[in-house]
Peer 1: 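Let me give you the structure first, and then I'll get to my questions.
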Amino acid sequence: MKEILDAITAGASGDDLANLPLPESYRAAVVLAEEQAMFEGQASEDKDPRKSLHVQDVAVPELAPDEAVVAVMASSINFNTVWTSIFEPLPTFGFLKRLAREGTWGARHDLPYHVVGSDGSGVVLRVGSAVRDWKPGDRVTLHCNHVDDQDPSAHDDSMHAANQRIWGFETNFGGLADLTVVKANQLMPKPAHLTWEEAAVNALCNSTSYRMLVSQNGAAMKQGDVVFIWGATGGIGGYATQYVLNGGGIPVCVVSAPDKVELLRDLGVDAIIDRKEKGYKFWSDEHTQDESEWRRLGKDVRSLVGEDPNIVFEHPGRQTMGASVFICARGGVVMTCAATSGYMIEYDNRHLWMKLKSIKSSHFANYKEAYEANRLIAKGMIQPLLSAVYPLTDVGEAAYQIHHNLHEGKLGVLCLAPEEGLGIDDPEFREKVGEDRITLFRRHAEKAGRR
Ligand code: NDP
């Protein structure tokens, strides 16, 4: 890998990179099948990714005709890596076994280790014989929608494909590694003004928020819509907030700490709720919700913007869904893509049907949506949320930070990149976009003492 890194750093041509031999093994963050029962009987919050995530050498897989081998310069931690590392709600080895039933290429994924990670930026080293649009030397970002396009179900919206999977979560050979193997239709051009680590953190969360708010497949937000955003400085929330501001919507942002309130103000948000300060208690006990607390939240929203939200950007799940349905405006939509605090959801259906509200689900993004979201990053219209950077060897600590909500925005991970700050190909455009805007989350996290 050293030879490959040296060649990339020296600006070697695509042909030179293509002629360098690939190593037989590479460094990767993995969970191990033999440890999948290690946390049995423990509460979720006690399950520690630092114990289950290991960095070790694994074999380079054979390349399928529709795939590319990418030298991963940087990656990021997503919540799905937290789920994999605590083996919740299920160990991910079952996904790999299911993929293995799809034939020879799928069978490569069923291994006693799972290389995790669903984001990445890097350089293409090899392409399979069926790949047309990409070549060795291309600098890329990677999105995580893994679809076999020979299945007819993949040809309307590929997120509806029967074989749709999330790379590095439901497939092996993920991005938290020095190398990865991805489908060619996961490749996107790297935004030239960003560092490797800034470019690496966006695809999963940015594309998810794009589909949820901008795409016709999601809420298709229009100018003037009031959009209520839970976790507005978290991974998907931080991009959601930018989409609402860019698209002429009115964001109402919820966070849980004063430094996050300050960050939102610097992003240009006026209507902000600190949920910790407000002390909402939507559940009076494990089984009972308190409608008066939903009502209190609704009043707080009205006092800030004078209206109910047309769109609720929902992902905390069990803790908040009752409130989300309640505060949503008549005819509005609750867009949901997750259930961090629990997936068995309860809400009062009367508030839904009597006011003709709907709940609409969303999951990641199809290639076109991911590409469009990547384009907005490349045009400097959406900023990366990078707030801290970890070496690959500290991947467990980075996942721990997210598991315990100690972070802001996105945590980057350096893979092959030996240090931060490398990979900027267009410094003039970077200057035009503005260092202050690009590094806003980073500066805030440092000021607030978040690692
Ligand atoms: P983050 O941890 O970065 O951000 C989530 C934010 O939600 C936190 O910062 C926190 O903000 C807020 N939050 C957490 N728990 C609660 C709660 N009980 N009540 C209210 N707010 C809460 O995670 P991501 O944004 O990356 O992901 C969020 C969820 O979305 C995860 O479950 C993830 O798996 C899922 N996801 C799903 C995708 C899909 O395609 N379906 C894609 C990406 C993510 P604060 O404390 O400041 O309020």
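As the structure lists them, so they are numbered: ligands from 1, and atoms in each ligand from 1. We use all heavy atoms of the structure for the numbers below, so side chains are in, but hydrogens, waters and symmetry mates are not. Owing to the predicted nature of the structure, the values given are computational and were not obtained by experimental measurement.
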Peer 1: Checking contacts here: is it the side chain or the backbone of T320 that comes within 4.0 Å of ligand 1, counting heavy atoms only? Could be both or neither.
Peer 2: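 Just the side chain.
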Peer 1: Looking only at distances, please establish whether an N/O atom of ligand 1 is found under 3.5 Å from an N/O atom of H407.
Peer 2: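 So ligand 1 has an N or O lying under 3.5 Å from an N or O of H407.
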Peer 1: Heavy-atom count check: over 12 atoms from other residues, nucleotides or ligands less than 6.0 Å from R318 CZ?
Peer 2: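 More than 12 heavy atoms, drawn from other residues, nucleotides or ligands, come within 6.0 Å of this atom.
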Peer 1: Give a yes or no on whether the ring-centroid distance for Y347 and F326 is below 6.0 angstrom.
Peer 2: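 No - the distance between ring centres of Y347 and F326 does not fall below the 6.0 Å cut-off.
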Peer 1: Looking at ligand 1, does any of its N/O atoms fall within less than 3.5 Å of an N/O of A339?
Peer 2: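 Between A339 and ligand 1 (N or O atoms, distance only) the closest approach is not under 3.5 Å.
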Peer 1: Number the atoms of ligand 1 from 1 as they appear, then name those within less than 4.0 Å of a heavy atom of G235, with their elements.
Peer 2: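 What qualifies from ligand 1 is 1 (P), 3 (O), 4 (O), 24 (P), 25 (O), 26 (O).
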Peer 1: Taking 4.0 Å as the limit for heavy-atom contacts, which would you say applies to T233 with ligand 1: side chain only, backbone only, both, or neither?
Peer 2: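 Contact part for T233 vs ligand 1: neither.
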Peer 1: Nearest non-hydrogen atom to atom 45 (P) of ligand 1 belongs to which of A257, S256, P316, G342?
Peer 2: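 That would be S256.
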Peer 1: Please identify which atoms of ligand 1 are closer than 4.0 Å to at least one heavy atom of G231.
Peer 2: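 It comes down to these atoms of ligand 1: 6 (C), 7 (O), 11 (O), 12 (C).
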Peer 1: Which is closest to atom 47 (O) of ligand 1 in terms of heavy atoms, K410, M159, K260?
Peer 2: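 Closest candidate by heavy-atom distance is K260.
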Peer 1: Under 4.0 Å from a heavy atom of Q319: which atoms of ligand 1 are those, numbered in the order shown and with their elements?
Peer 2: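 Reading through ligand 1 atom by atom, the close ones are 18 (N).
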Peer 1: Under 4.0 Å from a heavy atom of F364: which atoms of ligand 1 are those, numbered in the order shown and with their elements?
Peer 2: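 Ligand 1 atoms under the 4.0 Å threshold to F364: 39 (C), 40 (O).
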Peer 1: Using a heavy-atom cut-off of under 4.0 Å, does the side chain or the backbone of R275 touch ligand 1, or both, or neither?
Peer 2: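 Just the side chain.
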Peer 1: Quick one: which of F79, Y343, W83 has a heavy atom closest to atom 23 (O) of ligand 1?
Peer 2: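 Of the listed residues, F79 has the closest heavy atom.
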Peer 1: Between the candidates T208, D274, T81, N206, which shows the shortest non-hydrogen contact distance to atom 42 (C) of ligand 1?
Peer 2: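 Minimum heavy-atom distance to atom 42 (C) of ligand 1 goes to T208.
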Peer 1: Would you call the rings of Y367 and Y371 parallel, tilted or perpendicular, taking 30° and 60° as the class edges?
Peer 2: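 Correct class here is perpendicular.
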Peer 1: Would you kindly specify which portion of A232 sits under 4.0 Å from ligand 1, judged on non-hydrogen atoms: side chain, backbone, both or neither?
Peer 2: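 For A232, no heavy atom sits under 4.0 Å from ligand 1.
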Peer 1: If you count the atoms of ligand 1 from 1 in the order shown, which ones are under 4.0 Å from a heavy atom of A338?
Peer 2: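 Those atoms are 29 (C), 30 (O), 32 (O), 35 (C).
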